[in-house]
There are 2 protein chains.
Amino acid sequence: MPRLSPRSQPAKAPLSRDAVLDAGLSVLKARGIDGVTMRAVAAELDTGAASLYVYVGNRRDLLDQMFDRVLGELDLDEAPDPSRWRDQLEHLAFRILRVYERYPGIARVPLAHIPTGVNATRGTEYMIALLRAGGVDDRKIAWFIDAASLFICATAYETAIYEEEGRDEGDAIDEIRDAFSQLDPAEFPHFVSLMPLLMQGDGDERFAFGLRMLIDGLIHSEPPHLRVAP
Amino acid sequence: MPRLSPRSQPAKAPLSRDAVLDAGLSVLKARGIDGVTMRAVAAELDTGAASLYVYVGNRRDLLDQMFDRVLGELDLDEAPDPSRWRDQLEHLAFRILRVYERYPGIARVPLAHIPTGVNATRGTEYMIALLRAGGVDDRKIAWFIDAASLFICATAYETAIYEEEGRDEGDAIDEIRDAFSQLDPAEFPHFVSLMPLLMQGDGDERFAFGLRMLIDGLIHSEPPHLRVAP
DNA sequence: ACCTGAACACCGTTCAAGT
DNA sequence: ACCTGAACACCGTTCAAGT
């Protein structure tokens, strides 16, 4: 039986690149990176997987574009201040981590290949500005950004996998404590004696310490010895 | 038509946990971590995927066990020497990286959860021994190991994904140079002026510099301020 | 106890057919 | 031009049936 008018049908939003990315992000938020299947994203839009290929080249392309949208949530408003650049840098790292944590597993995307989106570029621009405000040598800046980005992504990705397996940090620590409680102190004297310290601290504390080491190292390292460009 | 004797059939090695792990490692070496499917490993053993479940709980368990086998290739023979602990530490990090590189993508396994195998434990034991030989504070040792392991794994995993996509580092650099060559210097002044330095150096050089920063940071950082155990 | 084929519930991607 | 259902070539895992 035909409806009175097409208007009475629930309005189905027309597909678009933005609609696909939004659907992808909502699936990502709810089910993590491995839950972002073409079929799941399509279902969110009441269509089939094949329909997505008008707007994204493939799944990898979809994830790349989603990643830059995620980075768009980063707040880069505070102007670099030479008197507290280090504080600002540490806060920036934590803000990036928090953004990644909102989209479980998204941090695997920039591990897979260097992002070239606008928001990623804006983030890098801002980080360089902070480091130059701190008077850091340009060569050291270039390589620090690499190492710091890797550290942030790896940290976020690690916790995301834990969550995806439905365990929180506490469960993981307990399992590990069990596994290691059987160790023979004669064979692993250092390990066994360091166990209590190895188990200390939550993810944020460890991240903060790693970050502090990286920045202390940045300050105290000699610049890398670079070959002259050919 | 029956063969003269069962002996004339090609001897099919009986299945065993070791045989499954060996098959897994050979697939991993040839096709990378995503190529290690239950079906591919089974095919290597002339059987079906279902047969593997006698020896491994599931794919994740298979990969975990394979990871510890990989770490078994690590050479930990050199005794820690207080006069050159730092050199030894840097060499250890490079040896771990090289082992990971032989099995493309295996570094994702320890990112997914903290390894508890014997060889992983031996590696940690050795790293602690080196750091204690260097007189590093125990609290700093515990947290440095976390950060350094993460950095090594992330580095190895990153290059593995590049390879899995069939591109080498050079291709990637070229693509990135292209993508960034269009940037507006007015909008991204720092980025554009730092471009030449951002493109400098190969993976090993960047890894070495990141490692140096971490160790310099380790030396110059204050120990983390830990809560007292409850 | 160990092994297996077939089945189940999934994937990403392509493509001919529709509008 | 955009959308779609069906198909293709895959997955991990389970399970009844064999030995």
Side-chain angles (χ1 to χ4, degrees), chain A residues 2-3 6 9-24 27-28 30-67 104-106 108-109 112-113 161 164-166, chain B residues 2-3 6 9-24 27-28 30-67 104-106 108-109 112-113 161 164-166:
Chain A
R3 292 166 180 278
Q9 294 179 351
K12 184 178 157 186
L15 285 185
S16 68
R17 206 191 70 119
D18 276 349
V20 170
L21 295 184
D22 281 339
V27 174
L28 173 57
R31 302 211 285 246
I33 191 93
D34 287 336
V36 182
T37 66
M38 301 303 278
R39 280 169 164 87
V41 175
E44 195 84 358
L45 297 163
D46 274 312
T47 183
S51 304
L52 305 181
Y53 287 84
V54 181
Y55 305 100
V56 297
N58 48 39
R59 181 170 182 267
R60 159 162 141 22
D61 180 37
L62 168 64
L63 291 175
D64 282 352
Q65 296 194 48
M66 282 167 57
F67 173 73
I106 191 67
R108 191 173 62 200
V109 173
H113 37 265
I161 310 179
E164 199 141 22
E165 289 181 3
Chain B
R3 291 163 181 279
Q9 295 178 351
K12 185 178 157 185
L15 285 184
S16 68
R17 206 191 70 120
D18 276 349
V20 170
L21 295 183
D22 281 338
V27 173
L28 173 57
R31 303 211 284 247
I33 190 93
D34 287 336
V36 182
T37 66
M38 301 302 278
R39 280 170 163 87
V41 174
E44 195 84 358
L45 296 164
D46 274 313
T47 182
S51 304
L52 305 181
Y53 287 83
V54 181
Y55 305 100
V56 297
N58 48 38
R59 181 170 181 266
R60 158 161 140 22
D61 179 37
L62 168 64
L63 291 174
D64 282 352
Q65 297 195 48
M66 283 167 57
F67 173 73
I106 191 67
R108 192 173 60 199
V109 173
H113 36 264
I161 309 179
E164 198 142 23
E165 289 182 1

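Every chain is numbered from 1, with letters handed out A, B, ... down the list of sequences. This is a predicted model, so every value here is computed, not measured.
Here the shortest heavy-atom pairing between A40(B) and G35(B) reads CB-O, 3.6 Å.
A heavy-atom distance below 4.5 Å is not found between the side chains of L45(A) and S51(A). You'll find the side chain of R108(A) reaches within 4.5 Å of the side chain of D34(A), heavy atoms only. In this structure the side chain of L63(B) never reaches within 4.5 angstrom of the side chain of L28(B), judged on heavy atoms.
One finds a side-chain N or O of S51(B) lying less than 4.0 angstrom from the OP1 or OP2 phosphate oxygen of dT4(C).
Nucleotide dA1(C) forms a Watson-Crick or G-U wobble pair with dT19(D), both donor-acceptor distances falling under 3.5 Å. dC8(C) is paired with dG12(D) under the Watson-Crick or G-U wobble criterion, all donor-acceptor distances under 3.5 Å.
Atom OG1 of T47(A) is separated from atom CZ of R39(A) by 12.5 Å, given to the nearest 0.5 angstrom. Expressed to the nearest 0.5 Å, how far OH of Y55(B) lies from CG of D61(B) amounts to 14.0 Å.
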**Request:** Let me have a per-nucleotide readout for nucleotides 8-19 of chain D, 5' to 3', with B, S or -, counting only protein heavy atoms under 4.0 Å.
**Result:** ---BBBBB----
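As a whole-Å value, the separation of R17(B) CZ from dC2(C) C1' is 17 Å. As a whole-Å value, the separation of D46(A) CG from dC3(D) P is 13 Å.
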